Amino acid sequence: ATGEFGDSFLSEHHLNFRPRIQEGQWLREFGVNSMMDVTDGLLQDSLKIAKASGVSLVMDEHAVPLRKNATMSQAMVDGEDYELIFSLSEKDVTHLISNWPYETPLTKIGHFVKSSGAVKALNSDDENLVEKFGKGYDHFEQ
C-alpha cells in the first residue's frame, strides 16, 4: 500500500490529497497483479481485490500505516484515503521496495491465501476483520 490510512474526514485529507497517478503508472509498469485506490475503506477495497481473484486476505493490522490521530477502525472502514493497494507475487516484494523511486511510503500490509469457500479477511490471529471492524460503507447496498 502507498501512504497512510484513517482519519481522512477530520484531517480533511479527503479534500487535500495528491492522487497517486505517477506511483500507479510505475506500479503498472513494474507488473503488479491488481491495483485500486482506497475510497470505500481499506478493508472493503482489499476484499474487492480478494473476491475478484477468489482468494482470502490475511492483513497485518500492526503494519497498516496510520495517518496522524487515526485509529485502526478508521483506517479499516472510513475510506476516502485515496491511497493505492495492490498485489504482486511474494518473490517480487523485495525487488519492488528496493527499486521504488518515490518519496511516498510503501508498506506491505498483508498477503492473499487460497480460499476454500467464502472469501474472508483475517488478521494474523485468524480473527475475522469484518466482524472486528465492520464492513464500512457500501454505495450499492440497499
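In this text, all values refer to a predicted model and were calculated from it rather than measured experimentally.
- For Thr107 (side chain) and Pro65 (main-chain N/O), no donor-acceptor pair under 3.5 Å exists by modelled atom type.
- Grouped by direct or indirect side-chain proximity (heavy atoms under 4.5 Å, Ile/Leu/Val/Met/Phe/Trp/Tyr only), Leu15 sits alone.
- Distance alone, capped at 3.5 Å, is enough to place a donor-acceptor pair between the His14 side chain and the Ser8 backbone.
- The side chain to side chain contact (heavy atoms under 4.5 Å, CB included) test applied to Val130 returns Leu43, Leu47, Asn128, Lys135, not counting sequence neighbours.
- Side-chain atoms of Ser115 do not come within 3.5 Å of backbone N or O of Val55 as any donor-acceptor pair.
- Side-chain atoms of His111 never come within 3.5 Å of backbone atoms of Met59 as a donor-acceptor pair (strictly under, hydrogens ignored).
- Although no hydrogens or angles enter the test, the distance criterion places a donor-acceptor pair under 3.5 Å between the side chain of Thr2 and the main chain of Leu84.
- Partners of Asn16 by side chain to side chain contact (heavy atoms under 4.5 Å, CB included), not counting sequence neighbours, listed by chain and number: Glu12.
- Judged as a ring pair (Phe, Tyr, Trp, His ring centres under 6.0 Å), not a single pair has a partner in residues 32-54 (not counting sequence neighbours).
- Judged as a side-chain hydrogen bond (donor to acceptor under 3.5 Å, both in side chains), the pairs with a partner in residues 23-37 (not counting sequence neighbours) are, in order, Arg18-Glu23, Glu23-Thr104, Ser34-Ser87.
- For Arg67 (side chain) and Glu4 (main-chain N/O), a donor-acceptor pair under 3.5 Å exists by modelled atom type.
- Among residues two or more places apart in sequence or in another chain, the salt bridge (Lys or Arg N to Asp or Glu O under 4.0 Å) test is passed with Glu61 by Lys132.
- Through side-chain heavy atoms spaced under 4.5 Å, either directly or across other Ile, Leu, Val, Met, Phe, Trp or Tyr residues, Ile21 is tied to no other residue.
- Among residues two or more places apart in sequence or in another chain, the side chain to side chain contact (heavy atoms under 4.5 Å, CB included) test is passed with Ser124 by none.
- Contacts classified as ring pair (Phe, Tyr, Trp, His ring centres under 6.0 Å) and involving residues 46-88 (residues at least two apart or in different chains) are given here: Phe17-Tyr82.
- Every residue meeting the side chain to side chain contact (heavy atoms under 4.5 Å, CB included) condition with Lys108, not counting sequence neighbours, appears here in chain and number order: Glu90, Val93.
- Considering only residues two or more places apart in sequence or on other chains, Asp45 meets the salt bridge (Lys or Arg N to Asp or Glu O under 4.0 Å) condition with Lys48.
- Hydrophobic cluster of Val113: the remaining members, joined at side-chain heavy-atom separations below 4.5 Å, are Val58, listed by chain and number.
- The backbone N or O of Ala50 sits nowhere less than 3.5 Å from a side-chain atom of Ser53 that would complete a donor-acceptor pair.
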